[in-house]
Amino acid sequence: MKKFAMTMITLSLSAMLLAGCGDSAKETEQESLTGGESSEVAETETVEEKIYPEESYLDNLKADDYVELGEYMGLEVTLEAPYVSDEQIENYIQRVLDNNPVRTEVTGRAVKEGDVTDISYVGKKDGVAFDGGTADNYMLTIGAGQFIDGFEDGVVGMKAGETKDLELTFPDPYERNPDLAGAPVVFTVTLNKIYEESEAQLSDDFVAGLSIENVATVGEYRQYIYDGMMEEAQRQYDMDEESAILAAAHENAAFHDVPEAMVERYYDRLVSNMTYQAAMYGMDLDTFMMYGYGKQAEQYEEEMKDSARQAAEQILMMQAIAEREGLTVSNEEMEESLSQNAEQYGYESVDAYKEVLGNEVKGYREYVMSGKVTAFLVEKAKITQSEPVGETETGQASTEEAEDTQASTEEVGDTKESAEEPKGDNQAGAGTKTDRESAETESETETESAGKKK
């Protein structure tokens, strides 16, 4: 609960309403800002950007009118030092091995359960090929249940080079293509090749196949993973450090009559951020919040509102600290920050970035100011690092449990796995699962109604 609340507050305070890059990201960002549901809506309708009253921005407020500062200098915070365990590294390596089984072509026998097959097929309804029902060199794992009932069973027993007609019926209902629901069809399937898969083994040859720069041995690979995980652990530690210090300063302060317009503005900003993140995963907000945080709409909406209020309180608190300590944001600092973010997120110019920010350009100074105040508070704080359980003197983590950082390090693992997977053939001379997934993704795009189960 506390972790979720801190995440929401951080997102509320972020001036980057929706992080993205390139034209498509900017289009998505603009749609979210304006409440659009699709690019077609954005092209055909002009949706006015929401205008907030002046009291929703710090420029028009005196922070001392809304907050009484408590102790904020020299705050004492204890955090566990960032670390990575051997277990995390081994779990990561195992995931990479699992994703890259050795695939070996077999000849002289028919397809059996568990084989990976290279097939080409054409699906016809009433003798006419239907849209999305054709694919060449599709990699199908027998028993995976990817296609409609009867398809994989029909491939079992086929030999390389054989062509066979499968008379099947689509399920009813059929979400991928309602027009095919309950329809009798014929798939003409040609079996090109048969493969067997076996578990990959960690070796220098396997590591070399990952094509990671300056990483050629198992030892170098382990260090590479450790370095990446430690970098992520340090990033998370820095975020936790800032959050803990701000939370302590917030707890010591007293607030009254916080402008509701400011709370509303931060709530809308938070919803925009989360909606954009959901869109990056191809989800709507409700689905994203359920998968990512396990929360129903009524739960996260209420918590978002609470987080927006806390964010408004924190920004008022930071402004009051800035005023008391003489921390200011110059126009030059504003432009430099805008320029850096415009470049980082792929905008062709600062003006283009400002255009997407819209009225939130007025609130951008809050973002820059909050960074200054946060850095000031961290510098003045008294931070104690507790020794992580099981960490060795050399900084390499031991084999004991590392549950507290498991989630964050898995995040970096998910990012890196695609780069670490072998390119091309493995040492047995057969394609890897990377090749298969690439082929399947391409084929799914071209044949989305070709008998897939869902």
Side-chain angles (χ1 to χ4, degrees), residues 1-22 24-38 42 47 49-52 56-58 235-236 239-240 242-243 246 261-315 318 337-338 340-342 344-347 353-371 374 408 411:
M1 182 71 72
K2 185 175 181 181
K3 186 79 169 179
F4 175 80
M6 293 309 301
T7 300
M8 296 299 101
I9 294 171
T10 300
L11 285 172
S12 296
L13 291 170
S14 172
M16 279 307 301
L17 298 185
L18 299 165
C21 59
S24 61
K26 286 180 278 188
E27 289 170 5
T28 305
E29 185 166 4
Q30 187 62 58
E31 289 166 23
S32 183
L33 286 170
T34 58
E37 295 181 356
S38 68
V47 182
E49 185 180 353
K50 187 170 183 178
I51 305 298
Y52 297 95
S56 65
Y57 296 94
L58 283 178
R235 186 189 70 83
Q236 186 62 49
M239 292 175 58
D240 292 343
E242 293 178 356
S243 295
L246 288 174
M262 178 177 282
V263 175
E264 180 183 358
R265 177 173 147 253
Y266 275 106
Y267 174 78
D268 291 343
R269 172 183 289 189
L270 177 54
V271 171
S272 292
N273 267 295
M274 299 304 292
T275 299
Y276 179 73
Q277 288 194 20
M280 290 177 67
Y281 290 95
M283 302 180 188
D284 59 28
L285 183 56
D286 286 351
T287 304
F288 179 74
M289 295 302 290
M290 177 53 66
Y291 274 98
Y293 298 98
K295 294 183 180 294
Q296 301 283 356
E298 59 272 13
Q299 292 176 298
Y300 76 73
E301 284 176 2
E302 192 61 37
E303 292 187 38
M304 279 185 175
K305 290 175 182 177
D306 292 340
S307 297
R309 181 169 297 280
Q310 290 184 59
E313 291 176 351
Q314 278 200 12
I315 203 69
M318 286 190 277
S337 179
L338 284 164
Q340 289 174 349
N341 277 340
Q344 179 180 353
Y345 294 108
Y347 291 90
Y353 178 44
K354 287 181 178 179
E355 183 178 350
V356 171
L357 287 177
N359 285 323
E360 274 303 318
V361 169
K362 294 194 298 184
Y364 197 89
R365 190 176 297 271
E366 299 172 9
Y367 165 68
V368 181
M369 178 275 296
S370 68
T374 301
S408 63
E411 184 177 322

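Computed over heavy atoms, backbone and side chain alike; hydrogens, waters and symmetry mates excluded.
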Practice task
Determine, step by step, whether Glu366 and Tyr266 satisfy the side-chain contact (heavy atoms from CB on, under 4.5 Å) criterion, reporting the C-alpha distance in whole Å, the side-chain angles of both residues, the deciding distance to 0.1 Å, and the verdict.
Solution key: CA-CA 12 Å; Glu366 299 172 9; Tyr266 275 106; 2.6 Å; yes
Exercise for the section: Go through Ile315 and Met262 one step at a time and tell me if the side-chain contact (heavy atoms from CB on, under 4.5 Å) criterion holds. Expected result: CA-CA 10 Å; Ile315 203 69; Met262 178 177 282; 3.9 Å; yes
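Between the side chains of Tyr300 and Asp286, at least one donor N or O lies within less than 3.5 Å of an accepting N or O. Tyr364 and Ser337 form a side-chain donor-acceptor contact under 3.5 Å, judged by distance and modelled atom types alone. Side chains of Asp240 and Gln236: a donor-acceptor N/O pair is present below 3.5 angstrom, by distance only. Under 3.5 Å, the side chains of Thr287 and Asp284 contain a donor-acceptor pair of N or O atoms.
With a 6.0 Å cutoff to the six-membered ring centre and a 45° limit on the axis angle, Lys362 counts as a cation-pi contact of Tyr57.
Contact record, Ala308 with Val263: CB-O, 3.6 Å, taken as the closest heavy-atom pair. Shown here for Met274 and Met289, the closest heavy-atom pair between the two residues is CE-SD, 3.5 Å. When all heavy atoms of Gly363 and Arg265 are compared, the pair lying nearest together is CA-NH2, 3.4 Å.
Partners of Tyr52 by side-chain hydrogen bond (donor to acceptor under 3.5 Å, both in side chains), not counting sequence neighbours, listed by chain and number: Asp268. Remark: Ser56 engages no residue in a side-chain hydrogen bond (donor to acceptor under 3.5 Å, both in side chains) (not counting sequence neighbours). Evaluation of the side chain to side chain contact (heavy atoms under 4.5 Å, CB included) rule for Lys354 yields Glu335, Leu338, Val350, Asp351, Val361 as partners, not counting sequence neighbours. In this structure, Lys305 has no salt bridge (Lys or Arg N to Asp or Glu O under 4.0 Å) partners at least two apart in sequence or on a different chain. The salt bridge (Lys or Arg N to Asp or Glu O under 4.0 Å) search around Glu242 returns none, not counting sequence neighbours. Looking at residues two or more places apart in sequence or on another chain, you find a salt bridge (Lys or Arg N to Asp or Glu O under 4.0 Å) between Arg309 and Glu260.
The main-chain N or O of Met290 is never found under 3.5 Å from a side-chain atom of Gln296 such that the two would form a donor-acceptor pair.
Here the OG1 atom belonging to Thr374 is positioned 8.0 Å from the CD atom belonging to Gln314, to the nearest 0.5 angstrom. If you take OH on Tyr345 and CD on Gln340, they are separated by 11.5 Å, rounding to the nearest 0.5 Å.
Between Met280 and Phe288 the shortest side-chain heavy-atom distance does not fall below 4.5 Å. Leu246 has its side chain within reach of Met318: a pair of non-hydrogen atoms, C-beta onward, lies under 4.5 Å apart. Residues Leu285 and Gln277 are not in side-chain contact: their nearest non-hydrogen atoms beyond the backbone lie 4.5 Å or more apart.
Classification of Lys50 and Glu360 as a salt-bridged pair fails, no side-chain N sitting under 4.0 Å from a carboxylate O.
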